[in-house]
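Hydrogens, waters and symmetry mates are skipped; everything else that's a heavy atom, side chains included, is used. Note that the structure is a prediction, hence the values are computed from the model and not measured.
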Amino acid sequence: MQNSKSRILVINPGSISTKIGVFDNERSIFEKTIRHDAAELNIYAHITDQYEFRKQIILETLDREGINLSKFNAVCARGGLLRPIEGGTYLVNDQMLEDLRIGYAGEHASNLGGIIAFEIASNLNIPAYIVDPVVVDEMEPIAKISGCPSIERKSIFHALNQKSVARKVASGFKKDYEDVNLIIVHMGGGITVGVHKNGRVIDVNNGLHGDGPFSPERSGGVPAGDLVSLCFSGQFYKEEMVKKLVEQAGLIGYLETNDLGEVEKMIDAGDEKAKLVYSAMAYQIGKEIGAASTVLRGMVDAIVLTGRLAFSKQFVKEIASYTDWIADTIVHPGENELQALAEGATRVLRGEETVKHYPKEIAEAKVFN
């Protein structure tokens with residue numbers, strides 16, 4: 001056991017905001033969302049060019065709040081679009097920084113997290129960590145076979161929240177995460193259904209550009225032949241098609257809103273189309289849970305619904321109507337990413353979990369030909 005009490009600075013960069021928190025172990029003592037004007041960010045050619053600007057705002061905010069930087073034992077940030085890695089808490093190292101700066105797997109605001117954490121931590125001579133980034137890949141080889149040899153199924157999902165919630169549920173059973181089998185559904189702008197077996201997510205739908213149920217903004221899996229025809233119809237450029245599937249599909253595509261509460265108001269007002277689309281989303285989530293249960297051969301300790309859509313009791317009830325024969329449904333609404341990051345760092349600082357190292361050479365995703 002190392003530090004019984006550690007103070008941790010937690011950083012979660014978003015597209016137009018930076019969330020920060022100060023934690024004594026898992027206990028939050030300060031949290032703030034720093035909003036950024038679009039004009040301030042638009043002067044930077046690349047997202048990672050924003051790191052100095054955002055770092056300074058974080059430091060100025062902490063100074064105004066009278067928070068003593070010398071009291072920190074670690075800085076922990078949301079992980080970015082890195083190479084596929086297994087879940088856990090990772091020390092930010094040179095290879096990770098290089099991949100974040102070049103946008104190895106794409107540009108995203110989360111890439112700033114590790115860079116800013118490292119910059120602040122280096123000046124304080126303390127470690128910088130990331131925890132369970134979206135590229136966590138623990139899928140079994142059999143789950144990666146898509147059916148098309150040129151395309152491999154990928155693991156891109158809400159790993160941070162899913163694994164944090166999984167540990168809470170396991171604790172409620174008085175078990176370790178490694179001793180339970182769970183199906184966890186994160187329901188936000190995107191929806192991911194993860195199969196958690198003995199501490200590893202052995203199968204999950206790609207919640208960004210992939211399969212699974214449609215969501216408030218994304219199409220999920222669509223008929224392949226019709227998609228190919230649409231792509232080659234001459235109506236859309238590649239970027240337009242990606243936007244059509246990732247930002248303009250799902251609820252917003254059918255009903256022009258991505259707000260589940262607004263859809264429920266439309267239903268209450270007698271809108272039959274809204275009811276059908278709402279029910280179809282619940283139906284597809286239920287169907288995906290059913291498929292996930294077969295991966296565990298029916299040995300499911302619990303189905304867990306999390307994310308902001310889980311605040312809707314009606315939506316949760318509709319999903320459970322399809323799945324309550326599989327296992328009990330446990331609801332953990334919302335997603336507390338700052339808390340999850342602090343917990344990941346705390347486990348390492350306490351010696352409860354071994355810190356992981358981002359390797360210099362990671363095998364590229366294998367494509368079967």
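With hydrogens and angles disregarded, a donor-acceptor distance shorter than 3.5 Å links the side chain of N198 to the backbone of E178. Side-chain N or O atoms of S122 include one that pairs as donor or acceptor with a backbone N or O of F118 at under 3.5 Å. N258 places no side-chain N or O within donor-acceptor distance of the main-chain N or O of P216, the cut-off being under 3.5 Å. For the pair D203 (side chain) and E140 (backbone), a donor-acceptor distance under 3.5 Å is absent. In this structure, the side chain of D137 engages the main chain of M139 through a donor-acceptor pair within 3.5 Å. Looking at T89, its side chain does come within 3.5 Å of a backbone N or O of G344 through a donor-acceptor pair. For the pair T61 (side chain) and I57 (backbone), a donor-acceptor distance under 3.5 Å is present. Judged by distance alone, with hydrogens and angles left aside, the side-chain atoms of N25 form no donor-acceptor pair with the main-chain N or O of R27 at under 3.5 Å. Between the side chain of K154 and the backbone N or O of P84 there is no donor-acceptor pair closer than 3.5 Å. Formation of a donor-acceptor pair under 3.5 Å by the T33 side chain with backbone atoms of K19 is not found in this model.
In terms of heavy-atom proximity, V201 sits nearest to G194 at CG1-CA, 4.1 Å. Across all non-hydrogen atoms, the minimal contact from L97 to I115 is CD2-CA, 3.8 Å. Closest approach of A274 and V263 over heavy atoms only: O-CG1, 4.1 Å. What you find for Y358 and L82 is that their closest heavy atoms are OH-CB, 3.6 Å. Minimum interatomic distance between P149 and G147 (heavy atoms only, all atoms of both residues): CD-O, 3.8 Å. Nearest heavy-atom pair, I191 versus H158, reported as atom, atom and distance to 0.1 Å: N-CE1, 4.3 Å.
Heavy atoms from other residues, nucleotides or ligands lying under 6.0 Å from CG of D259 number more than 12. I43 CD1: more than 12 foreign heavy atoms inside a 6.0 Å radius. Within 6.0 Å of CD1 on I16 lie no more than 12 heavy atoms contributed by other residues, nucleotides or ligands.
Within the 4.5 Å cutoff, no side-chain heavy atoms of L69 are placed close to those of N123. Using a 4.5 Å heavy-atom threshold, the side chains of Q339 and E26 count as touching. Using a 4.5 Å heavy-atom threshold, the side chains of V134 and H108 count as separate. Between Y129 and L341, every side-chain heavy-atom pair lies at or beyond the 4.5 Å cut-off. With a 4.5 Å cut-off on side-chain heavy atoms, Y254 and L276 do not count as touching. Considering only heavy atoms from C-beta on, T329 stays 4.5 Å or farther from I319 through its side chain. Side-chain contact between I58 and I116 is present, with heavy atoms from C-beta onward closer than 4.5 Å. Here the side chains of V300 and N181 are not in contact, with every heavy-atom distance at 4.5 Å or above.
A donor-acceptor contact under 3.5 angstrom links the side chains of S164 and K168, judged on distance only. No side-chain donor-acceptor contact under 3.5 Å links T48 and H46. Side-chain N/O atoms of E318 and S279 include a donor and acceptor closer than 3.5 Å.
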**Request:** Tell me, with the steps shown, if E272 and K275 meet salt bridge (Lys or Arg N to Asp or Glu O under 4.0 Å).
**Result:** CA-CA 5 Å; E272 290 299 324; K275 173 59 179 171; over 6 Å; no
**Message:** Would R167 and E343 count as a salt bridge (Lys or Arg N to Asp or Glu O under 4.0 Å) here? Give the steps.
**Reply:** CA-CA 10 Å; R167 289 185 176 91; E343 290 169 356; over 6 Å; no
**Item:** Residues L255, Y278; criterion side-chain contact (heavy atoms from CB on, under 4.5 Å); working and verdict
**Value:** CA-CA 10 Å; L255 303 173; Y278 180 93; 5.9 Å; no
**Request:** Dump the intermediate steps for salt bridge (Lys or Arg N to Asp or Glu O under 4.0 Å) on E264 and K313, then the final yes or no.
**Result:** CA-CA 11 Å; E264 289 175 339; K313 293 181 180 179; over 6 Å; no
**Request:** Quick one: do I184 and V169 satisfy side-chain contact (heavy atoms from CB on, under 4.5 Å)? Show the steps, please.
**Result:** CA-CA 10 Å; I184 300 187; V169 171; 5.9 Å; no
**Prompt:** side-chain contact (heavy atoms from CB on, under 4.5 Å) between Y104 and N111: does it pass, once the steps are laid out?
**Reply:** CA-CA 10 Å; Y104 176 84; N111 291 1; over 6 Å; no
**Item:** Test log, rule side-chain contact (heavy atoms from CB on, under 4.5 Å), inputs Q235 and K244
**Value:** CA-CA 12 Å; Q235 299 178 63; K244 189 175 183 67; over 6 Å; no
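Once rounded to the nearest 0.5 Å, the distance linking CG of D99 with CD1 of I85 reads 10.0 Å. Annotation: the span from H186 atom NE2 to S215 atom OG amounts to 10.0 Å, rounded to 0.5 Å. The CG atom of N205 sits 11.0 Å away from the CG atom of L208 when rounded to the nearest 0.5 Å. Between atom CD1 of residue I29 and atom CD1 of residue I8 there is a gap of 10.5 Å, rounded to the nearest 0.5 Å. One finds the CG atom of L100 at 8.0 Å from the OG atom of S110 (value rounded to the nearest 0.5 Å). Here OG of S233 is found 5.0 Å from CG of L230. Values are rounded to the nearest 0.5 Å.
With sequence neighbours excluded, the residues forming a ring pair (Phe, Tyr, Trp, His ring centres under 6.0 Å) with Y283 are Y322, listed by chain and number. For S146, the side-chain contact (heavy atoms from CB on, under 4.5 Å) partners are C148, I151, R153, not counting sequence neighbours.
For the side chain to side chain donor-acceptor pair (under 3.5 Å) test with T18, the passing option among H36, Q50, K32, K55 is H36; the others fail. Of the candidates N73, N68, D24, R7 forms a side chain to side chain donor-acceptor pair (under 3.5 Å) with just one, namely D24.
By the rule that hydrophobic residues join a cluster once side-chain heavy atoms approach within less than 4.5 Å of another member, V246 and F214 end up as members of separate clusters.
Applying the under-4.5 Å side-chain rule to Ile, Leu, Val, Met, Phe, Trp and Tyr, the cluster around F232 extends to V228.
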